[in-house]
Every structure is written in C-alpha cells, then in structure tokens.
Amino acid sequence: MSTTPSTDVTRAIERCRPEDVSPVALDAELLESTAPEYLRDLKRELNREGLFPARVTVTACFDEDCSLDTQQEADRIRGYVRAASFLGAGAVTVECDAVANPDKVRPALSACAERARREGLEFDVDGPIDPS
C-alpha cells in the first residue's frame with residue numbers, strides 16, 4: 001500500500017474539453033518494438049491519424065509449469081506496461097487461455113498489476129486467473 005496521499009483530481013476532470021479523436025486498442029504483438037524511439041514515432045503517427053491509444057492488449061502464455069518461463073512472460077508483460085504508459089494509454093489487458101500453475105502465475109501478474117498502478121494504468125486479466 002502506498003503511503004502517498006491521493007490527490008483530488010475532480011477539478012482537472014471537470015475542466016476537460018472533448019477532442020476529436022478515436023480511442024483504439026493496440027495489440028501488443030503488432031508493435032514492432034517497445035523501444036522509446038519506435039513508440040515515439042508510433043505515438044506521433046497515431047496522433048496524426050486522430051487516434052488515441054486507450055488500451056494495450058497483451059496475449060500471454062502461462063501454459064508451462066516453469067518458474068523461469070513464468071518470470072520471462074511477466075517481464076515481457078511489464079515491458080508492454082511501460083510501453084502503454086509511454087504511449088499515454090489508460091489501460092493494459094492481459095489475455096491468457098490457460099494457466100498451468102496459478103500459484104506461480106498469480107504473484108507474477110500481481111507484480112505486473114502493481115507496476116501498472118504505479119504508472120497510472122488500469123490492469124486487468126482476461127483469463128482463468130485473478131492477479132489479486
């Protein structure tokens with residue numbers, strides 16, 4: 001739990017003005033890279049096209065009961081969390097069909113969720129496991 005007090009964002013929200021952009025969900029697998037240079041160019045191009053990256057969707061694979069594989073997949077997801085934050089997205093969704101060992105995967109996803117929270121992103125999992 002954070003010891004930093006929450007700030008009141010009501011005033012900023014009340015003063016928002018609509019923009020003529022279309023929110024889009026980006027498939028993480030279609031991103032050529034998570035390098036800042038690539039993401040900067042992508043963000044610029046999306047802006048030119050009137051598109052806003054509202055969500056980044058990551059397809060994850062946790063079908064092996066192996067701690068190393070689980071950690072590598074969690075690291076990959078964290079990379080996309082960082083990319084989503086860089087792009088200004090508001091959320092990351094992790095999609096997974098199967099989870100071989102929930103006891104190994106749950107803490108890894110929980111750490112990814114915490115990273116997303118620190119970056120100001122919503123984090124949800126579409127699959128047979130809850131990270132909490």
Side-chain angles (χ1 to χ4, degrees):
M1 183 187 298
S2 175
T3 58
T4 306
S6 294
T7 56
D8 185 13
V9 297
T10 307
R11 183 173 169 209
I13 293 172
E14 288 173 349
R15 303 196 116 198
C16 288
R17 294 180 304 272
E19 288 284 329
D20 189 18
V21 295
S22 298
V24 295
L26 296 174
D27 290 329
E29 288 73 26
L30 297 178
L31 298 177
E32 293 177 17
S33 170
T34 58
E37 300 79 25
Y38 172 78
L39 295 173
R40 194 176 3 260
D41 292 344
L42 175 61
K43 187 175 183 178
R44 187 179 307 112
E45 189 59 31
L46 288 169
N47 190 39
R48 284 185 189 139
E49 296 291 327
L51 302 174
F52 173 74
R55 175 178 306 275
V56 173
T57 303
V58 183
T59 302
C61 181
F62 293 108
D63 58 357
E64 295 293 326
D65 187 5
C66 172
S67 297
L68 182 59
D69 288 346
T70 298
Q71 187 58 48
Q72 287 175 338
E73 191 68 349
D75 290 344
R76 188 178 74 86
I77 292 168
R78 260 193 299 281
Y80 287 121
V81 166
R82 184 190 57 77
S85 178
F86 188 95
L87 290 170
V92 173
T93 297
V94 176
E95 297 176 340
C96 59
D97 292 331
V99 175
N101 187 336
D103 292 334
K104 288 181 183 172
V105 174
R106 190 171 289 109
L109 285 176
S110 180
C112 292
E114 174 60 21
R115 174 63 184 262
R117 188 193 66 72
R118 286 193 317 257
E119 296 284 344
L121 302 170
E122 290 294 320
F123 184 88
D124 52 69
V125 177
D126 183 11
I129 190 166
D130 182 5
S132 43

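Nothing here was measured: the structure is a model prediction, and the numbers come from that model.
Within the 4.5 Å cutoff, the side chain of S85 has heavy atoms near those of the L121 side chain. A 4.5 Å side-chain heavy-atom check between V125 and C96 finds at least one atom pair inside the cut-off. At least one side-chain heavy atom of F86 sits under 4.5 Å from a side-chain heavy atom of R40. A 4.5 Å side-chain heavy-atom check between K43 and P53 finds every atom pair outside the cut-off. A 4.5 Å side-chain heavy-atom check between Y80 and L31 finds at least one atom pair inside the cut-off. Annotation: side chain of N47 is not in contact with side chain of F52 (no heavy-atom distance under 4.5 Å).
The two residues V56 and A84 come nearest to each other via the heavy atoms CG2-CB, 3.7 Å. Smallest separation of non-hydrogen atoms from A60 and V94: CB-CG1, 3.6 Å. When all heavy atoms of T70 and A108 are compared, the pair lying nearest together is CG2-CB, 3.9 Å.
Each salt bridge (charged side-chain N to carboxylate O under 4.0 Å, His left out) pair with one or both residues in residues 60-69, not counting sequence neighbours, appears once here: D65-K104. Applying the salt bridge (charged side-chain N to carboxylate O under 4.0 Å, His left out) rule to pairs touching residues 27-38 yields E29-R76, sequence neighbours excluded.
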* Quick one: do E73 and F62 satisfy side chain to side chain contact (heavy atoms under 4.5 Å, CB included)? Show the steps, please. => CA-CA 8 Å; E73 191 68 349; F62 293 108; 3.7 Å; yes
* Report the C-alpha distance between R44 and D41 in whole Å, list the side-chain angles of each, state the deciding distance to 0.1 Å, and finish with yes or no for side chain to side chain contact (heavy atoms under 4.5 Å, CB included). => CA-CA 5 Å; R44 187 179 307 112; D41 292 344; 3.0 Å; yes
* Please lay out, stage by stage, how T93 and D124 fare under the test side chain to side chain donor-acceptor pair (under 3.5 Å). => CA-CA 5 Å; T93 297; D124 52 69; 2.7 Å; yes
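Side-chain heavy atoms closer than 4.5 Å link hydrophobic residues (I, L, V, M, F, W, Y) into clusters, and following such links, possibly through other members, connects L42 to V92.
Side-chain atoms of R106 never come within 3.5 Å of backbone atoms of I129 as a donor-acceptor pair (strictly under, hydrogens ignored).
When the side chain to side chain contact (heavy atoms under 4.5 Å, CB included) test is applied to S33, the partners found at least two apart in sequence or on another chain are A35, Y38. By the side chain to side chain contact (heavy atoms under 4.5 Å, CB included) test, L68 is found to be paired with C66, Q72, residues two or more places apart in sequence or in another chain being considered. With sequence neighbours left out, D20 forms a side chain to side chain contact (heavy atoms under 4.5 Å, CB included) with no residue at all. Checked against side chain to side chain contact (heavy atoms under 4.5 Å, CB included), A25 has the following partners two or more places apart in sequence or in another chain: R55, T57.
Annotation: D97, atom CG; neighbour count of heavy atoms from other residues, nucleotides and ligands within 6.0 Å does not exceed 12. E122 CD: 12 or fewer foreign heavy atoms inside a 6.0 Å radius.
With respect to the salt-bridge test (charged N to carboxylate O, under 4.0 angstrom), the residues E45 and R48 qualify.
Applying the side chain to side chain contact (heavy atoms under 4.5 Å, CB included) test between L109 and each of D130, V99, I77 identifies I77 as the sole match.
Interatomic distance, CZ of R115 versus CD of E119, reported as 4.5 Å (0.5 Å rounding). Of the inter-residue distances, the one linking S67 atom OG with D103 atom CG reads 11.0 Å to the nearest 0.5 angstrom.
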